[in-house]
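From a predicted model like this one, the values you see are computed outputs, not experimental measurements. First listed ligand is number 1; within each ligand, the first listed atom is number 1.
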Amino acid sequence: MPMPLAVLVSGGGSNLQSILDKIDAGLVDAEVRVVLSNKAEAYGLERARRKNIPAIALPHMAFPSRQAFDAEMTRLINEHGVTAETGAVALAGFMRMLTPEFLRAFPQRVVNVHPALLPSFPGTHGAADAASYGVRLAGCSVHFVDEIMDHGPVIIQAAVPALPGEGGETLAARILKLEHCIYPQAIAWLAQGRLTVQDRRVLAAGTAPAYCGDDALPCLASPGLEPGFRPV
Ligand code: GRF
């Protein structure tokens, strides 16, 4: 059975789209059962509706507490067949911290993509912060989610050169292309049961770091991306 997946979005949902595209291509053995957003206007919801996937807006302001909001999300996610035993929850530009109660409902089953090489530049402006800092290597990370923002065990990272004088937006756009590769790859491994967490270390079955780009988008991914997940 494909791994039941819930995706949480707050915005455009291009990462959601990359997951849906790789599922359609037969590269990720998962099924997106529900897309939830704390923002009714999030375009990610529209992307789900177009594929006849249940898309639910849950404005967080309508809830008396963070716990109440997360409890309702948990209920809806479970109701759509996504459980800790067989399913997973993917944050794709979801701009809310999750409560310990939510994370306890899906232990080691919640993943996130972040536009920086963690632990550098956590927070909401990872790529822009890296550009302002003047780093010469930037990138993105997929990690398990824990109670601290952008902190849980790292599953995969990919690095790209950052150019002097380059603005945060240009760098963020280049990084986003790589997010669209590493996030579906990480979810594919999760669905295959190939990820084991020991302390902070994630053992992803057997791939070595690999150069995966070309002149247009030079990049290094670790673990390496499998065929089908590399930038095109
Ligand atoms: C991505 O850069 C992701 O890393 C960050 O938020 C952005 C979401 O983009 N967490 P999208 O909504 O998937 O297009």
Legend entry - Side-chain donor-acceptor contact under 3.5 Å, Asn78 with Thr83: no
Inset, instruction - May I ask you to check if ligand 1 and Asn15 share an N or O to N or O distance below 3.5 Å? - result: yes
Inset, instruction - Would you indicate whether the side-chain heavy atoms of Asn15 and Glu179 approach each other to under 4.5 Å? - result: yes
Inset, instruction - Give the C-alpha distance, both sets of side-chain angles, the deciding distance and a yes or no for side chain to side chain donor-acceptor pair (under 3.5 Å) between Gln157 and Ser141. - result: CA-CA 4 Å; Gln157 294 184 305; Ser141 311; 2.9 Å; yes
Inset, instruction - Check whether any N or O atom of Gly13, backbone or side chain, sits under 3.5 Å from an N or O atom of ligand 1, and answer yes or no. - result: yes
Legend entry - Residue and atom name of the nearest protein heavy atom (relative to atom 8 (C) of ligand 1), distance in Å to one decimal: Gly93 CA, 3.6 Å
Inset, instruction - On the 0 to 90° scale, with breaks at 30° and 60°, tag the Phe69-Phe94 ring pair as parallel, tilted or perpendicular. - result: parallel
Inset, instruction - Determine, using heavy atoms of Val113 and all atoms of ligand 1, whether some pair is separated by less than 4.0 Å. - result: yes
Inset, instruction - Can you figure out which of His125, His114, Glu179, Met95 has its heavy atom closest to atom 4 (O) of ligand 1? - result: Glu179
Inset, instruction - For atom 14 (O) of ligand 1, grab the closest protein heavy atom and report residue, atom and distance to one decimal in Å. - result: Ser14 OG, 2.5 Å
Inset, instruction - Look at Glu226 together with Arg194 and state whether they make a salt bridge at an N to O cut-off of under 4.0 Å. - result: yes
